[in-house]
Protein chains: 2
Amino acid sequence: MEADVRPAPLPLSFTDGVFPAGCPSRILLDHVTSKWGVLILIALSEGAQRWSELRRRTEGISEKMLAQTLKTLERDGLVSREAQPVIPPRVDYSLTGKGYELSALLVPLVAWAFDNAEEIINGKA
Amino acid sequence: MEADVRPAPLPLSFTDGVFPAGCPSRILLDHVTSKWGVLILIALSEGAQRWSELRRRTEGISEKMLAQTLKTLERDGLVSREAQPVIPPRVDYSLTGKGYELSALLVPLVAWAFDNAEEIINGKA
DNA sequence: CAGCATCCACGATGATACTG
DNA sequence: CAGTATCATCGTGGATGCTG
């Protein structure tokens, strides 16, 4: 009874191996699709946010993981960090141009997951 | 010198926490964005394939991970498994309707990663 | 060919405490 | 507030060997 529609193959030209193991794409993909990476990128797609704001919104993340994930994304040039030399400290994070491009692709995916999760993970009602 | 363009916020309505921890979306997202999940889904987006074919194309995957990932995706109703009672055994995997929907969103993301990986991960030439 | 069962290692992640 | 340092652990994932 499973739906099994399989329209025309998608246009893809890089899928032959699916990628070479250890190629840059794999690394980038791992950063981006990491457990917390997706969530942070999505959160930031709504605009710049402070550390504490991100921590609160990304429910369940530890400080360590937040710091680590942000650093990775920053090194990848997807997120930009802006620290203000005030006391108490204030640091804002935002998407770079690249990060924004990426989030534009990530958002529909996450939205789909959000819409279908209930049915898929729980009852198939 | 980093590009720092930040156009209008993307339309998103579910991002307030970013999701509740432990909600179905998180689980589904973890399955889909898992290290091998993405790659398998992408590989299958080009059409049904046999176990051995998937194993070969998804370079670097172990049998254990292939089996495990396929099972998860099958339980989630994204991949369908068709075993033929012949000797030697032949099993084909393909995307379900849901799986195809998903892969349609995944492909642009992966393509983007593929196109930008070199620059992002390696030299920023 | 297409798996499953086991054992094992290490890295990812969490909890806690401390600091500029 | 925005982190960093340290430690304990938990699970992911690899290697191997066996089977229908």
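Here is the naming used below: chain letters follow the sequence lines, and residue numbers restart at 1 for every chain.
Rounded to the nearest 0.5 Å, atoms CD (A/E101) and CG (B/D115) are 10.0 Å apart. Atom CG of A/L70 sits about 11.0 Å away from atom CE of A/M65, to the nearest 0.5 Å.
OP1 or OP2 of D/dA2 lies within a sub-4.0 Å distance of a side-chain N or O belonging to A/S52. Taking only side-chain nitrogens and oxygens, A/R50 never comes nearer than 4.0 Å to OP1 or OP2 of D/dC1.
Between the CG atom of B/L70 and the C1' atom of C/dG3 there is a distance of 11 Å, rounded to whole Å. Between B/M65 atom CE and D/dG14 atom C1' the separation is 8 Å, expressed in whole Å. If you take CG of A/D30 and P of C/dA12, they are 10 Å apart, rounded to a whole angstrom. Spacing between atom CG of A/D92 and atom P of D/dG3 amounts to 10 Å, rounded to whole angstrom units. One can place NZ of B/K71 at 16 Å from P of C/dA2, the figure rounded to the nearest angstrom. Atom CH2 of B/W51 is separated from atom C1' of D/dT19 by 14 Å (rounded to the nearest Å). For the pair B/W36 CH2 and D/dG13 P, the computed distance is 9 Å after rounding to whole Å. For the pair A/K35 NZ and C/dT13 C1', the computed distance is 8 Å after rounding to whole Å.
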task = Mind running side-chain contact (heavy atoms from CB on, under 4.5 Å) on B/V79 and B/L41 for me, showing each step along the way?
result = CA-CA 8 Å; B/V79 163; B/L41 254 5; 4.2 Å; yes
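Across all strands shown, B/R55 has no heavy atoms under 4.0 Å from either base or sugar-phosphate atoms. A/K64 comes within contact range of at least one nucleobase, with a heavy-atom separation under 4.0 Å.
Minimum atom distance to the side chain of A/V91 is reached by D/dA2, of the listed D/dG20, D/dG13, D/dA2.
Comparing B/Q68 and B/E63 by the nucleotide of DNA chain D that holds the closest heavy atom to each, the one mapping nearer the 5' end is B/Q68. Between A/I61 and A/P88, the residue anchored nearer the 5' end of DNA chain C, judged by the nucleotide with its closest heavy atom, is A/I61.
Between the side chain of B/E82 and the main chain of B/D92, no donor-acceptor pair closer than 3.5 Å is present. A/T96 places a side-chain N or O within donor-acceptor distance of the main-chain N or O of A/G77, the cut-off being under 3.5 Å.
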